[in-house]
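Working notes, structure below.
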Amino acid sequence: KGDKYKIKVTASSDSEYGYLALWSYPESGEIADSVQIFSVDIESTTITREDEVQAGPGDFYLKIYSANLSNCDIEVFDYY
């Protein structure tokens with residue numbers, strides 16, 4: 001509903017080849033309006049990060065790419 005939202009991610013990998021990437025795109029599906037939130041290699045560890053996404057008003061979807069993760073929690077916080 002607001003112009004931005006926050007993503008909090010905690011992810012773990014027992015492999016040296018862990019990977020996680022998040023993209024945000026609008027409900028319309030317009031690829032030109034998509035935004036890469038982050039892309040990170042996770043090598044046998046646990047990461048926690050928070051990112052603010054300037055998205056404009058409206059509904060958005062997340063596209064999640066991952067490999068070799070043992071755990072992944074994603075929380076989304078909307079700003080009004």
Side-chain angles (χ1 to χ4, degrees):
K1 293 183 180 187
D3 290 338
K4 62 183 177 179
Y5 60 92
K6 181 171 75 172
I7 300 268
K8 180 179 179 183
V9 175
T10 301
S12 303
S13 177
D14 297 329
S15 167
E16 62 183 278
Y17 302 109
Y19 175 76
L20 179 63
L22 269 66
W23 285 78
S24 171
Y25 64 97
E27 185 176 33
S28 67
E30 289 292 324
I31 299 299
D33 295 330
S34 66
V35 174
Q36 183 176 23
I37 300 169
F38 70 83
S39 173
V40 64
D41 292 322
I42 305 169
E43 299 176 358
S44 303
T45 190
T46 298
I47 64 146
T48 299
R49 62 180 291 154
E50 294 182 13
D51 293 270
E52 264 191 13
V53 180
Q54 301 292 330
D59 293 329
F60 288 81
Y61 294 96
L62 294 177
K63 183 78 169 180
I64 302 166
Y65 299 93
S66 66
N68 302 314
L69 299 182
S70 55
N71 183 52
C72 183
D73 294 314
I74 300 172
E75 295 178 85
V76 178
F77 304 91
D78 191 9
Y79 293 113
Y80 294 99

With a 4.5 Å cut-off on side-chain heavy-atom distances among I, L, V, M, F, W and Y, is there a chain of contacts connecting Val9 to Ile64? yes
Rounding to 0.5 Å, atoms OG (Ser12) and CG (Asn68) come to a distance of 13.0 Å
Going through the distances and angles, do Phe60 and Glu27 end up as a side chain to side chain contact (heavy atoms under 4.5 Å, CB included)? CA-CA 5 Å; Phe60 288 81; Glu27 185 176 33; over 6 Å; no
Is it the case that over 12 heavy atoms from other parts of the model lie below 6.0 angstrom from the OH atom of Tyr17? no
Connected via hydrophobic side-chain network under 4.5 Å: Leu69 and Ile47: yes
Find the distance between CG (Asp51) and CG (Leu22) and round it off to the nearest 0.5 Å. 8.5 Å
Val53 and Phe38: same hydrophobic cluster, using ILVMFWY side-chain contacts below 4.5 Å? yes
Rounded to the nearest 0.5 Å, how far does CD of Glu50 lie from CD of Glu75? 8.5 Å
Distance only, no hydrogens: is a donor on one side chain within 3.5 Å (strictly under) of an acceptor on the other, for Ser70 and Ser13? no
With the 4.5 Å side-chain cut-off for hydrophobic clustering, are Val76 and Ile37 part of the same group? yes
Kindly give the heavy-atom pair with the smallest separation between Pro26 and Ser34, and that separation in Å. CD-N, 4.4 Å
Glu16 versus Ser44, closest heavy-atom pair with distance: N-OG, 3.6 Å
With heavy-atom distances below 4.5 Å as the criterion, would you say the side chains of Ser39 and Tyr19 are in contact? yes
Nearest heavy-atom approach of Phe77 to Lys8 is CE1-CB, 3.9 Å
Mind running salt bridge (charged side-chain N to carboxylate O under 4.0 Å, His left out) on Glu52 and Lys6 for me, showing each step along the way? CA-CA 4 Å; Glu52 264 191 13; Lys6 181 171 75 172; over 6 Å; no
Value for CD (Glu43) from CG (Asp14), rounded to nearest 0.5 Å, stands at 13.5 Å
Same cluster (ILVMFWY, side-chain, under 4.5 Å), Trp23 and Ile7: no
Are any non-hydrogen side-chain atoms of Cys72 and Leu20 less than 4.5 angstrom apart? yes
